[in-house]
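For reference, the structure is listed below as structure tokens.
Sequence lines set the chain letters: A, B, ... in the order given, protein chains first and strands last, and positions in each chain run from 1.
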Number of protein chains: 2
Amino acid sequence: MAAPKDPRPCSIADALALVGEKYSLLVLREVCLGNGRFDQLVRNIGAPRDVLATRLRRLVDAGILEKSAYSERPQRFEYRPTTAGLELEPVLLTLMAWGDRHLRKDDDRPMVIEHICGHELLPAVTCSVCGDTVQHEDLTAHPQAPGWTVAGPAEAKPSQTVPS
Amino acid sequence: MAAPKDPRPCSIADALALVGEKYSLLVLREVCLGNGRFDQLVRNIGAPRDVLATRLRRLVDAGILEKSAYSERPQRFEYRPTTAGLELEPVLLTLMAWGDRHLRKDDDRPMVIEHICGHELLPAVTCSVCGDTVQHEDLTAHPQAPGWTVAGPAEAKPSQTVPS
DNA sequence: ACTAGTGAGTAGGAAATCCAAACTCACCAT
DNA sequence: ATGGTGAGTTTGGATTTCCTACTCACTAGT
């Protein structure tokens, strides 16, 4: 069964297979902002219309977006996030925060998000058990598929034995 | 590269331009796991070698990875995350949590991450000011570039400037 | 010295995707 | 009747990706 060339089974990879194609996350951004109509998406994202149509179909099939009519007589549609789609918003927020921090000088943020608490949103990823902000050093990965090694960063874990 | 008109200025788009190409985030995943050697990356990700080489060059140029020699005599390299790269890890964790929740039935998670607090990591994105978990309804977007609307059908709010 | 093996890539052409503009189709407005 | 809008589809060429094979530098075994 297993060819000598099996990538690592991983939810990140699976998620990206759905949502990692070009423009998909930007579609989600617009849709979360409430701009769910086809021409708005074309304009705000700058994607070719055919590519956009393909993405939208895929995202609807995946249950991330839903297509709803906002007008019956001249049939007009609007895409909106499903619950699953909304739950991807944190990914967008985290990515935006990273971009703001590392890709822009100073404070020229093109968009600011306000939290209901009254302040600008500065998202942090925390452990939902202890509440601490997650940091790389505090994490240990446990892959469960057999045969995969997760070498510790500086930790000598000489389990290099990967029987083909 | 022919960047098509990118209408909405946005840090999400900018971040994705760097890190949103196929395999880039998987490279980061492996590198954060400590598997930074070329052939490891090829095996664990399943990417063609030439594409991988291109991605690595781009990520190094962008300051997300750095290439360090772990052996001089037979020159051998290893890619490792920079600080900027490590700060992308929360994006991966958030994406993984989403994939675990929405793409997998039950508990067949291919990888479990343990937090230093002793529990399995279930990441949550929170407002770093008030500490609450962010939810879509609690957010208001303020785009600052002129001419862009963030239409909300019920949210026809005059998007005043952010209080200074 | 002569093989074989490994790590880190390049080279080349077929296959898949992407892009921009033009086109459709259905409806509404003048 | 003509023009306009929304939501796509078609078309055909330009890019990217994919995949196999190849190189290059070095080491290990005999």
Original post:
How large an angle, rounded to 10°, do the end axes of the helix from C:dA1-D:dT30 to C:dT30-D:dA1 enclose when each is built from five base pairs?
Top reply: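 Roughly 0° between the end axes, to the nearest 10°.
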
Original post:
Any link between B:I45 and B:V42 through a network of hydrophobic side chains (Ile, Leu, Val, Met, Phe, Trp, Tyr) touching at under 4.5 Å?
Top reply: yes

Report, one line per pair, each donor and acceptor closer than 3.5 Å where one atom sits in a side chain of residues 51-63 of chain A; sequence neighbours left out.
{"from": "A:T54", "atom 1": "OG1", "to": "A:D50", "atom 2": "O", "distance (Å)": "2.9"}
{"from": "A:R55", "atom 1": "NE", "to": "A:K22", "atom 2": "O", "distance (Å)": "2.8"}
{"from": "A:R58", "atom 1": "NE", "to": "A:E21", "atom 2": "OE1", "distance (Å)": "3.2"}

Original post:
Is B:Y23 near enough to D:dT16 that one of its side-chain N or O atoms lies under 4.0 angstrom from OP1 or OP2?
Top reply: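 So the side-chain polar atoms of B:Y23 never come under 4.0 Å of the phosphate oxygens OP1 or OP2 of D:dT16.
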
Subject >> Short side-chain N/O contact from A:R55 to OP1 or OP2 of C:dT17, under 4.0 Å >> reply: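 So the side chain of A:R55 is outside the cut-off, no N or O lying under 4.0 Å from OP1 or OP2 of C:dT17.
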
**OP:** Starting from the C-alpha separation in whole Å, work towards a yes-or-no answer on side chain to side chain contact (heavy atoms under 4.5 Å, CB included) for A:H142 and A:T140.
**Re:** CA-CA 7 Å; A:H142 299 282; A:T140 316; 4.1 Å; yes

Spacing of [X] atom [atom1] relative to [N] atom [atom2], expressed in whole Å:
| X | N | atom1 | atom2 | result |
| --- | --- | --- | --- | --- |
| B:E21 | D:dT15 | CD | C1' | 12 Å |
| A:L52 | C:dA20 | CG | P | 13 Å |
| B:L65 | C:dA8 | CG | C1' | 16 Å |

Set of residues satisfying side chain to side chain donor-acceptor pair (under 3.5 Å) with respect to [X], sequence neighbours excluded:
| X | answer |
| --- | --- |
| B:H119 | none |
| A:Q135 | none |
| A:D39 | A:R49 |
| B:R109 | B:E120 |

Original post:
What ring pair (Phe, Tyr, Trp, His ring centres under 6.0 Å) pairs are there with at least one residue in residues 63-91 of chain B, not counting sequence neighbours?
Top reply: none

Original post:
What string of B, S and - do you get for nucleotides 4-13 of chain D 5' to 3' if you count protein non-hydrogen atoms under 4.0 Å?
Top reply: -BBBBBBB--

Show me the donor-acceptor pairs within less than 3.5 Å that the side chains of residues 84-104 of chain A make with the rest of the protein, sequence neighbours left out.
{"from": "A:E87", "atom 1": "OE1", "to": "B:R101", "atom 2": "NE", "distance (Å)": "3.3"}
{"from": "A:E87", "atom 1": "OE1", "to": "B:R101", "atom 2": "NH2", "distance (Å)": "2.8"}
{"from": "A:E87", "atom 1": "OE1", "to": "B:H102", "atom 2": "NE2", "distance (Å)": "2.6"}
{"from": "A:E89", "atom 1": "OE1", "to": "B:H136", "atom 2": "ND1", "distance (Å)": "3.0"}
{"from": "A:E89", "atom 1": "OE2", "to": "B:H136", "atom 2": "ND1", "distance (Å)": "2.9"}
{"from": "A:T94", "atom 1": "OG1", "to": "A:P90", "atom 2": "O", "distance (Å)": "2.6"}
{"from": "A:W98", "atom 1": "NE1", "to": "B:A84", "atom 2": "O", "distance (Å)": "2.9"}
{"from": "A:D100", "atom 1": "OD1", "to": "B:S11", "atom 2": "OG", "distance (Å)": "2.5"}
{"from": "A:R101", "atom 1": "NE", "to": "B:E87", "atom 2": "OE1", "distance (Å)": "3.2"}
{"from": "A:R101", "atom 1": "NH2", "to": "B:E87", "atom 2": "OE1", "distance (Å)": "2.8"}
{"from": "A:H102", "atom 1": "NE2", "to": "B:E87", "atom 2": "OE1", "distance (Å)": "2.5"}
{"from": "A:R104", "atom 1": "NE", "to": "B:S11", "atom 2": "OG", "distance (Å)": "2.8"}
{"from": "A:R104", "atom 1": "NH2", "to": "B:D14", "atom 2": "OD2", "distance (Å)": "2.4"}

Original post:
Which pairs, with at least one residue in residues 122-131 of chain B and sequence neighbours excluded, count as a salt bridge (Lys or Arg N to Asp or Glu O under 4.0 Å)?
Top reply: none

Name every donor-acceptor pair, under 3.5 Å, that has one atom in a side chain of residues 121-132 of chain B and the other anywhere in the protein, sequence neighbours excluded.
{"from": "B:T126", "atom 1": "OG1", "to": "A:A124", "atom 2": "O", "distance (Å)": "3.2"}
{"from": "B:S128", "atom 1": "OG", "to": "A:L122", "atom 2": "O", "distance (Å)": "2.7"}

Under 3.5 Å, N/O pairs linking protein and nucleotides 28-30 of chain C:
none

